[in-house]
Amino acid sequence: MSGRYVKASQRCLSLLDQCRTMSQIKQIQSHLIVSATLSDPFAAGKIISFFAVSSNADVSHVYKLFLSLQHRTTFIWNTMIRVFVDKNENATALSLYKNMLQSGFLPNNYTFSFVLRACTENSSLGLASHAQVIKLGWESYDFVLNGLIHLYANWSSMEAARKLFDVSTDRDVITWTALINGYVKSGHAELARELFDQMPERNAVSWSAMITGYVHMGMFRQALELFNDMQLSGLHPNHAGMVGALCACASLGSLDHGRWIHTYMDRNGIELDRVLGTALVDMYAKCGCIEIACSVFEKMPDKDVFAFTSLISGLANHGRSADAIQLFARMQSEEVIPNEVTFISVLNACSRMGMVDEGLRIFNCMSVVYGIEPGVQHYGCLVDLLGRAGLLEEAKRLVREMPMEPDSYVLGALLNSCRVHGDVELGKEMVESLVERGLDHDGVHVLLSNMYASSNRWDRVVKVREEMGAKKFRKEPGCSLIEIGGRVSEFVAGDMSYLLVEEVMLVSLGIDNHLKFLLLDDGNSNSNIC
DNA sequence: AGGTGTGCCT
């Protein structure tokens, strides 16, 4: 390389350090091409790594640049693989790795930290990579070993993960956290917690791993307790920890805790990004504060499909179907692409409001406009929509003609509409076919029994209950959580042990009477509330 | 001569 190139290269690289936008980088890059500086692998590597760290990297652009290079280094290969892994294009990353080997480059410890991440969904390639790691002698290198433990833990292959953990002589907080995460994924709450208590050093990431671990395992109280312990230990909650805690608040109905986190965010100037914003919207909606959920949503600068879907389903759950449908329209006008979960929420909203035509239209646009093939859950919503509206024949036809086997929830929706509209015979027929095919979860039997009850056939009710007892079905008791004065109380159907039981019963009787009065007043009887 | 990475997030 001549002195002239080196000088040009140095000038450009110092300019690069000040670059902030993609167009600035592209300008420098074209300058480098003109001055032939890109034939300097160091300069080229610097450019590519700039793309690698920028979050809005244009992958196809940087890949073209990579392909145009005459001379590549291990660093350049590593960085290019990293770009694809960061963009979740794992297959491309791995085929690039293969090309790297074919071009005669040896992977180093850095290569493996990217390659192992690319293997999280593909265990056979992961095993092959592990073999390579061993062959090249990187297995006991801390970063690589941590990557391997994470890999096995991620597949819930806890024996292998544990073995690697046990042989590790150089465990750090990441090694421990990776293993804890594996026990969480495989549902071993106690083992995970034991490790968490044992680990010599904890940071915000390990705390939030355990907190979100509890959330994933449905242990919401433990999650919130740990979130409190974290602050008592003097650590500030990080982004993921707050998201996990908010999720626990949403499930527990713990509005006070959720509000506390919101206030904490405001006071500390924590940005309302997509993930945290959605977690807040979800928490407020599930804790009954749909208005606050709406206002948080409006404050989010960057609303993605998850944010919209959260609020749509929140509105639907609050009986505000019209607002839910309107939000869905707004989502489309803002060019946010709905996903399959969005459609479940929207169809639910239609179903509750009896909007049959709108529901059918939306169901059709799912595949026609968005290329999302309706799944069994969407058919379930549609059956529910038709059934609730009293269109039993159409609902039955849909169940017959749907392209996949109806699951117990689809049939449950049909059964429910049989009950509501008094078609006891069809209901009975359906339950028999469900039993035959082994799709009779406890809810199906409860529906059948309720159906007989509402047509006053008490002998049949007793019979179904007896059958359930014989089959050892036990319906999970209905349960709801409510927070009063900072304390979460749990109400389980059939449980009379809580304080103030009499007052609660009186209030609920009052509500019942009020509803009955409304129904009688309304004249068209029992079609909607049951 | 000079730069890369691992664990938690709706």
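Naming convention: chains lettered A, B, ... in sequence-line order (proteins, then strands); numbering from 1 in each chain. On a predicted model such as this, the values are computed, not experimentally measured, just so you know.
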With the side chain of [X] defined as its heavy atoms from C-beta on, choose the nearest nucleotide among [options].
X        : options              : result
A:Phe75  : B:dC8, B:dG3, B:dT10 : B:dG3
A:Tyr110 : B:dT10, B:dT4, B:dG7 : B:dT4
A:Asn108 : B:dG7, B:dT4, B:dT10 : B:dT4
A:Asp40  : B:dG2, B:dG5, B:dT10 : B:dG2

Rounded to whole Å, please give me the gap between [atom1] in [X] and [atom2] in [N].
X        : N      : atom1 : atom2 : answer
A:Asn203 : B:dT6  : CG    : C1'   : 12 Å
A:Asp170 : B:dG7  : CG    : C1'   : 15 Å
A:Phe308 : B:dT10 : CZ    : C1'   : 15 Å
A:Arg82  : B:dG3  : CZ    : C1'   : 11 Å
A:Met80  : B:dG3  : CE    : C1'   : 17 Å
A:Asp282 : B:dC9  : CG    : P     : 16 Å
A:Asp172 : B:dT6  : CG    : P     : 12 Å
A:Asp142 : B:dT6  : CG    : C1'   : 9 Å

Taking the six-membered ring of [Y] (Phe, Tyr or Trp), confirm whether the NZ or CZ of [X] is under 6.0 Å from its centre and within 45° of its axis.
X        : Y        : value
A:Arg274 : A:Phe306 : no
A:Arg72  : A:Phe105 : no
A:Lys303 : A:Phe297 : yes

Other residues, nucleotides, ligands: >12 heavy atoms within 6.0 Å of A:Glu190 CD | no
Are more than 12 heavy atoms from other residues, nucleotides or ligands located less than 6.0 Å from atom CD of A:Glu358?
-> yes
Using the test ring pair (Phe, Tyr, Trp, His ring centres under 6.0 Å), find all partners of A:Phe227 that sit at least two apart in sequence or belong to another chain.
-> none
Would you say A:Phe143 stacks on B:dG5, if stacking means ring centres under 5.5 Å apart and planes within less than 30 degrees?
-> yes
B:dG2 pyrimidine/purine six-ring stacking with A:Phe42, under 5.5 Å and 30° = yes
Which residues in [range] have a heavy atom closer than 4.0 Å to any atom of DNA chain B?
range                       : result
residues 174-181 of chain A : A:Ile174, A:Thr177, A:Asn181
residues 144-167 of chain A : A:Asn146, A:His150
residues 223-242 of chain A : A:Asn238, A:His239, A:Ala240

Is a side-chain donor-acceptor pair under 3.5 Å present for A:Asn108 with A:Thr111?
-> yes
If we ignore angles and hydrogens, is there a donor and acceptor under 3.5 Å between the side chains of A:Ser124 and A:Asn122?
-> yes
How about [X] and [Y]: are their ring centres within less than 6.0 Å of each other?
X        : Y        : answer
A:Trp207 : A:Phe196 : yes
A:Phe114 : A:Phe84  : no
A:Trp138 : A:Phe143 : no

With respect to the phosphate group of B:dG5, does any side-chain polar atom (N or O) of A:Arg117 fall under 4.0 Å of OP1 or OP2?
-> no
Below 4.0 angstrom from OP1 or OP2 of B:dT10, is there any side-chain N or O of A:Arg274?
-> no
Base, sugar-phosphate alone, or nothing: which one does [X] contact when heavy atoms must sit under 4.0 Å apart?
X        : answer
A:Thr212 : sugar-phosphate
A:Val173 : base
A:Gly244 : nothing

Sequence neighbours left out, cut at 3.5 Å: what donor-acceptor pairs do the side chains of residues 129-137 of chain A make with other protein atoms?
unit_1   : atom_1 : unit_2   : atom_2 : d
A:Ser129 : OG     : A:Leu125 : O      : 2.9
A:His130 : ND1    : A:Tyr152 : OH     : 2.6
A:His130 : NE2    : A:Glu139 : OE2    : 2.8

A:Arg162 meets the salt bridge (charged side-chain N to carboxylate O under 4.0 Å, His left out) criterion, sequence neighbours left out, with A:Asp166
